[in-house]
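First up is the structure itself, then whatever we jot down about it.
Note on naming: letters A, B, ... go to the chains in the order of the sequence lines (proteins, then strands), and numbering restarts at 1 for each one. Remember, it's a predicted structure, so these values are computed and weren't measured experimentally. All heavy atoms count here, side chains included; hydrogens, waters and symmetry mates do not.
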Amino acid sequence: MNKYRTHNCTELTKKNKNQEIILSGWINKKRDHGNLLFIDLRDNYGVTQCVIDKSNKFFNELEKIQLESVIKINGKVVERSKETINSDLKTGEIEVNIISFETLGHCMELPMPVFSDQDYAEEIRLKYRFLDLRRKKIHENIILRSKVISFIRNKMSELGFLEFQTPILTSSSPEGARDFLVPSRLNPGKFYALPQAPQQFKQLVMVSGFDKYFQIAPCFRDEDARADRSPGEFYQLDLEMSFVEQEDVFNVVEKLMISLFKNFSSKKLLHEKFPRISYEKVMLKYGTDKPDLRNPLLINDITNIFTREDVKFDIFKKLVKSGSKVRSIVTKKTKNKPRSFFDNIDKWAKELGASGLAYFTIEKDQKISAKGPVGKFFSEDSLMDIMKITNAEVGDSLFLACEKLKEVEKISSLARDKIAYELNLIDESKFAFCWIVDYPMFEKDEVTNKVKFSHNPFSMPQGDIKNIDFKKPLNIKAYQYDIVCNGVELSSGAIRNHIPELMYKLFSIVGYDKNQVDEKFGGMINALSYGAPPHGGIAPGIDRIVMLLAGEKNIREVTMFPMNQNAQDLMMNAPSKVSEEQLKELNLDLKKKK
RNA sequence: GGGGGUGUAGCUCAGUUGGUUAGAGCGAUCGCCUGUCACGCGAUAGGUCGAGGGUUCGAGUCCCUUCACUCCCGCCA
């Protein structure tokens, strides 16, 4: 028999009545009646109420013991009387009469309460993460994360994928995010980089003939944090498949996501077949490439309306003439909304740095007319056209934004979220997945005006490979795709370019000659030159998936030991200084701070 | 790198127009209490009001600088 416990803290029921048992766990809560003491004993599995009274020689010692100390209790299971049953506890029909106890791990005075639903400052939670993790909500989140990862592993194996590990110490790559660098002792002056993703390795796995690969892969990017982005490291379900087209990848991921989300959440999926939306369309209709499809509002382009003679809205007309676009959002049946509703959204837009949102409501007496501060500028005819383009009806309202393309996309996208939130249009009980497809291969850098890769340089361009018009690179689309759920970008993926000649050609467009490509991606190109299969894949973010399933808005709520916003681990005190000897071994000198 | 928010007891927070000795709940310590499950009752301890400077007869409160945490922008193929 195990010396610490015969049962865990959720197991005992009426069936164990009169048994002598041993429990070990943390003291969750004490209720001291002076001559009678209740102790809620907690472990990973649950809580059991234990009782002791003054007649027991251990009473005084137990009365004084700190909360969150770890103790072992020898006791007898007794059935509770009807009035004292606690239906909130799985073990609420019984309690344990303490015979003796032993302290296994003493707890000092707590810097933060463990038994409490209160929110605490992030700083103290991270410093005492081991205490924070004892708390119910986050404890359950971490267990969920473990179960999700197991489920994914099983499902991927079931689907015929093999799990491999790829190197953690690898080489820095010139594209993408900032690298974490690790100095090499044996090669002075040279550095490893931690992988931003196992991108090149997984392609090499395909070239090596393994057909289907996956990995719960740690990824390292030295970029600034956000609520949904850990600084430093995060995990992807990295996967890659040979001899596939885009739809084959989609099929695998849809199967996985549907079973995963059905299994771990009671929320319903809005679409069982995830909609495919082209990049071009998503930017027009949603203003972003990570649209929240739970939000029914759509954006429409009505720029042309402002070239008409019978529209007198001169501010917009002038802006349109100089290249600005006008985008609108229709809100249904909002004609009775108070003026303040519209003005507040206009004010909100201005606070974000936009020039504001014009608005009017469509009404009908004898004629169709627009009501609102700018309504008078629109003729009946122009309103009919607007209604045609936007599917607006009498009684609906329109918000109008007029900015340069990038800005109008941005503000209309934010306004879409804001207005839906104000009108309570988001159905929180749903998951809405979609694929964003047909990304452009290249884009123009706004600062340098040079053509650059818009996403992954290793993606396969669309169309007949032999007849691609490289003179118009901005027209080339790629087999590049994103999967999005509830406005959260879960991952990017692509069908890869496995043809070295085509790779050189595409790199030449962004200004790399053959030698430079060989130097930067020699390993990759070389491998592709020895018989590479067509292949493609994707890498959904594990942390974000768990966030969605747990209903959390912050990635640290589903990460066991996260770093803070400044990429510091407050518990382990990382990063930290190293000794002179260590620096010397690595051939490093530190610049003296001023 | 830039913008917003926050910072008062171990924890969560209140603190009016600048005005006497900075408060509450939880926690801690001590005492009372045999059926609680957020047990109850009483007492005690606990404060560089994030730090530094300034204005003022007087600063938790006003001004300046700075630090920490957090959210956002940039960044994240």
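Rounded to the nearest Å, the gap between the P atom of B:C64 and that of B:G5 is 13 Å. Separation of the P atoms belonging to B:G19 and B:G60 is 10 Å when rounded to the nearest angstrom. B:G35 and B:A68 have their C1' atoms separated by 47 Å, with the value rounded to a whole Å.
With a 3.5 Å ceiling on both atom-pair distances, the Watson-Crick or G-U wobble partner of B:A68 is B:U6. The partner of B:C30, taking Watson-Crick or G-U wobble pairs whose two distances both stay under 3.5 Å, is B:G42. Under the Watson-Crick or G-U wobble criterion, with both distances below 3.5 Å, B:U16 has no partner in any strand shown. Remark: B:C11 base-pairs with B:G25; criterion is Watson-Crick or G-U wobble with both hydrogen-bond distances under 3.5 Å. With both pairing distances under 3.5 Å, B:G47 is matched to nothing as a Watson-Crick or G-U wobble pair.
Salt-bridge check for A:Lys347 with A:Asp343: failed, with every basic side-chain N at 4.0 Å or more from each acidic carboxylate O. We find that A:Arg125 and A:Glu557 are joined by a salt bridge, their nearest charged nitrogen and carboxylate oxygen being less than 4.0 Å apart.
A:Arg80 contributes a side-chain N or O that forms a donor-acceptor pair with the base of B:C37 under 3.5 Å. A donor-acceptor contact under 3.5 angstrom links the side-chain atoms of A:Glu95 to the base of B:G35.
Computed from coordinates, the A:Asp179 CG to B:C76 C1' distance equals 12 Å when rounded to whole Å. Atom CG of A:Leu110 and atom P of B:A28 are 8 Å apart (whole Å).
By the stacking rule of 5.5 Å between ring centres and under 30° between planes, A:His33 does not stack on the base of B:U36.
A pairwise comparison of heavy atoms in A:Gly541 and A:Ser491 identifies N-CB, 4.2 Å as the closest pair.
Note on A:Gln49: a base of the nucleic acid sits closer than 4.0 angstrom, heavy atoms only. Backbone-only engagement by A:Ser454 is indicated by non-hydrogen atom pairs under 4.0 Å involving sugar-phosphate atoms exclusively. Note on A:Leu37: nothing from the nucleic acid sits closer than 4.0 angstrom, heavy atoms only. Within 4.0 Å of A:Gln66, counting heavy atoms only, lie sugar-phosphate atoms of the nucleic acid but no base atom. Using a 4.0 Å heavy-atom distance criterion, A:Lys54 is classed as making no nucleic acid contact.
Not a single donor-acceptor pair under 3.5 Å links the side chain of A:Asn28 to the backbone N or O of A:Leu41.
Taking the side chain as every heavy atom from C-beta outward, A:Arg416 and A:Asn295 approach each other to under 4.5 Å. Contact check for A:Val451 versus A:Glu443: no side-chain heavy atoms found under the 4.5 Å cut-off. A 4.5 Å side-chain heavy-atom check between A:Phe470 and A:Ile476 finds at least one atom pair inside the cut-off.
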Nucleic acid footprint by protein, nucleotides 66-75 of chain B - heavy-atom cut-off 4.0 Å, B for base, S for sugar-phosphate alone: --SSBBSBBB
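Cation-pi geometry between A:Lys29 and A:Phe115 is not met: the NZ or CZ atom fails to fall both under 6.0 Å from the ring centre and inside 45° of the normal.
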